[in-house]
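A short worksheet on the structure shown next.
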There are 2 protein chains.
Amino acid sequence: MALLTASSAIILNKSRKFTSMETISIDNILKRNQLSVTDSRKKILELFQGNAGALAHSDIEKRTGEKFDRVTIYRTLQTFVEKGIIHTIPTADNSVLYALCKDECTTGHHHDNHVHFVCDNCNVTYCLDSVVTPEVNLPQGFKPQVIDVVVSGICKNC
Amino acid sequence: MALLTASSAIILNKSRKFTSMETISIDNILKRNQLSVTDSRKKILELFQGNAGALAHSDIEKRTGEKFDRVTIYRTLQTFVEKGIIHTIPTADNSVLYALCKDECTTGHHHDNHVHFVCDNCNVTYCLDSVVTPEVNLPQGFKPQVIDVVVSGICKNC
DNA sequence: ATTAATTCTGCAACTTTGTTGCAAACCTTT
DNA sequence: AAAGGTTTGCAACAAAGTTGCAGAATTAAT
């Protein structure tokens, strides 16, 4: 499993164990967004915080050990996207990936102007928060709103 | 239907009727790629040539009037992608879109270094062949291979 | 601390999307 | 026109995603 490999290899978001401080932080994220604090939401948020790479629905299903219903995971991810906690990443192979948003995102208003990188080897998708999307000169009449950039190639861990 | 609107509004690939010359051209595309010339392949190629916007599997199913089996359409699109006749476009909402490739594409070797534009209003996806993908400065250790740029906003016909 | 009100979860059933094997139909070549 | 290979359509299946609803959990109020 590509993403299991990833979790051990990547150290972007510092994959240490959560202290009580951080547990509180997860609770706060949920409360800040008027969401009840439930097991599934806490667990799924933890997964995102503990792993730098993006996650697909199926990854979450596996990593939570089939503890939660498929439907619950779908709905949790939907809710998180709506609230601006996570965002989706466009992929060429038509799989939906999700990753944590940065702080500026709010309900219905995402600011994901960073570049995504998919490794052809280990298959991990990174959010390169430090790389800002470049300008694009469009033909007359086209008004850009959001620019999504997905780079694929070989990542720094491969 | 977003894409029906599109077919009448867009003039990128010149949506005129096909002359016998152009019919021959479709046959040639297939023959050039060692594919037998069949009804479904001709019809699907025609659809792509007649409409500038990108097409999803479901669009093709509707526009061919349920004349061909779902499986045939899947296989035809797969074959066309493999032969370099069409290419897929990454989308944030996880639908697969296909569009005609330019001449330089060959089997297993796509050259789609152009920008894609999705209109938020009419929902049409354009291949902006004239807009070359910009350079992206990646962090140390990341080696880029393919850069996909998808811009969304308002198109020139809206 | 209990209770009432609200929110969330899990189940069941369903829809949509995509895949595979195989026999019949079709296209190409001779 | 017939042999050979290729392509199609059917059936059956697998995977992905959605919806309604009753019961469980969370939150807010007493």
Side-chain angles (χ1 to χ4, degrees), chain A residues 1-3 23-24 26-47 54-83 85-86 88-98 107, chain B residues 1 3 23-24 26-46 54-83 85-86 88-98 107:
Chain A
M1 274 306 312
L3 281 163
T23 308
I24 290 170
I26 283 183
D27 284 25
N28 281 346
I29 292 174
L30 293 173
K31 281 177 185 155
R32 220 197 341 263
N33 288 285
Q34 287 111 42
L35 296 173
S36 344
V37 180
T38 65
D39 279 3
S40 46
R41 287 178 179 162
K42 277 194 289 188
K43 182 72 195 168
I44 291 174
L45 253 187
E46 262 181 40
L47 275 185
L55 296 171
H57 176 275
S58 62
D59 296 318
I60 294 166
E61 218 173 325
K62 281 171 208 145
R63 299 228 209 155
T64 49
E66 272 98 41
K67 197 178 157 193
F68 305 109
D69 194 87
R70 238 159 38 86
V71 180
T72 301
I73 298 176
Y74 277 116
R75 290 199 267 228
T76 303
L77 290 171
Q78 259 176 231
T79 306
F80 284 0
V81 170
E82 276 161 23
K83 294 291 186 177
I85 300 171
I86 60 177
T88 58
I89 302 173
T91 58
D93 72 329
N94 191 40
S95 60
V96 201
L97 291 179
Y98 302 89
T107 303
Chain B
M1 276 300 312
L3 282 162
T23 308
I24 289 170
I26 283 185
D27 285 24
N28 280 346
I29 292 174
L30 293 173
K31 281 176 185 156
R32 215 191 352 254
N33 288 286
Q34 285 110 43
L35 296 171
S36 352
V37 179
T38 65
D39 278 3
S40 46
R41 287 176 178 162
K42 277 193 289 188
K43 183 72 195 167
I44 291 173
L45 254 187
E46 261 179 40
L55 296 172
H57 176 275
S58 60
D59 296 319
I60 293 166
E61 217 173 326
K62 281 170 208 144
R63 299 228 211 154
T64 49
E66 272 98 42
K67 198 179 158 193
F68 306 109
D69 193 86
R70 239 159 37 86
V71 179
T72 302
I73 298 175
Y74 277 116
R75 290 199 266 230
T76 303
L77 290 171
Q78 260 175 231
T79 307
F80 284 0
V81 170
E82 276 161 23
K83 294 292 187 178
I85 300 170
I86 60 177
T88 58
I89 301 173
T91 59
D93 73 328
N94 192 39
S95 60
V96 202
L97 292 179
Y98 301 87
T107 303

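Each chain gets a letter, A, B and so on, in the order its sequence line appears, and its residues count up from 1. As the structure is a computational prediction, the values presented were derived from the model and not from experiment.
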Original post:
Looking across every strand, which nucleic acid part, if any, lies under 4.0 Å from B:Gln78 by heavy atom: base, sugar-phosphate, or nothing?
Top reply: sugar-phosphate

Original post:
Is the shortest side-chain N/O distance from A:Ser36 to OP1 or OP2 of C:dC8 below 4.0 Å?
Top reply: yes

Original post:
Rounded to the nearest Å, what distance is computed from the NZ atom of residue B:Lys42 to the C1' atom of nucleotide C:dT28?
Top reply: 14 Å

Original post:
Roughly how far apart are A:Thr38 OG1 and A:Ile44 CD1, rounded to 0.5 Å?
Top reply: 8.0 Å

**OP:** Could you tell me the separation between the CD atom of B:Glu66 and the P atom of C:dT16, rounded to a whole number of Å?
**Re:** 12 Å

**OP:** Write down the distance between CG (A:Leu77) and C1' (D:dT18), rounded to a whole number of angstrom.
**Re:** 14 Å

Subject >> Check: A:Arg75 side chain, C:dG10 base, donor-acceptor under 3.5 Å >> reply: yes

Original post:
Under 4.5 Å between any side-chain heavy atoms of B:Thr76 and B:Ile60, yes or no?
Top reply: no

**OP:** Could you pick out which residue, A:Tyr74 or B:Thr38, lies toward the 5' side of DNA chain D when each is mapped onto its nearest nucleotide?
**Re:** B:Thr38

**OP:** Tell me what A:Arg41 touches on the nucleic acid: a base, only sugar-phosphate, or nothing, going by heavy atoms under 4.0 Å.
**Re:** sugar-phosphate

Subject >> Close side-chain approach of B:Ile29 to B:Arg32, heavy-atom, < 4.5 Å >> reply: yes

**OP:** Take the protein atom CG of A:Asp59 and the nucleotide atom C1' of D:dA15, then report the distance between them rounded to whole Å.
**Re:** 15 Å

Subject >> Side chain proximity check, A:Arg63 to A:Lys43, heavy atoms < 4.5 angstrom >> reply: no

**OP:** Name the residue closer to the 5' end of DNA chain C, choosing between B:Val96 and B:Val37 according to the nucleotide with the nearest heavy atom.
**Re:** B:Val96

**OP:** Figure out the CG/C1' separation between A:Asp39 and D:dA24, and round it to whole Å.
**Re:** 12 Å

Original post:
How long is the line joining CD1 of B:Ile60 and C1' of C:dT17, in whole Å?
Top reply: 14 Å

Original post:
Looking at side-chain heavy atoms only, is the closest gap between B:Ser40 and B:Lys67 below 4.5 Å?
Top reply: no

Original post:
Under 4.0 Å between a side-chain N or O of B:Thr76 and OP1 or OP2 of D:dT7?
Top reply: no

Original post:
Among C:dT20, C:dG10, D:dG17, which is the nearest nucleotide to the side chain of B:Val71?
Top reply: C:dT20

Subject >> Nearest-nucleotide comparison on DNA chain C, the residue closer to the 5′ end among B:Leu35 and A:Asp69 >> reply: A:Asp69

**OP:** Report the nucleotide, chosen from C:dT28, C:dT9, C:dG18, that has the shortest atom-to-atom distance to any side-chain atom of A:Thr72.
**Re:** C:dT9

Original post:
D:dT6 C1' sits how many Å from B:Glu82 CD, rounded?
Top reply: 14 Å

Subject >> Candidate nucleotides C:dG18, D:dT7, C:dG10, ranked by approach to the side chain of B:His57 - the nearest >> reply: C:dG18

**OP:** Nearest 0.5 Å please: distance from the CG atom of B:Leu35 over to the CG atom of B:Leu45.
**Re:** 9.0 Å

Original post:
For the base of D:dG17, is there a side-chain donor-acceptor partner from A:Arg70 under 3.5 Å away?
Top reply: yes

Subject >> Spacing of B:Gln34 atom CD relative to D:dT6 atom C1', expressed in whole Å >> reply: 13 Å

Subject >> Sugar-phosphate only, base, or nothing, as touched by B:Ser58 at under 4.0 Å among non-hydrogen atoms >> reply: nothing

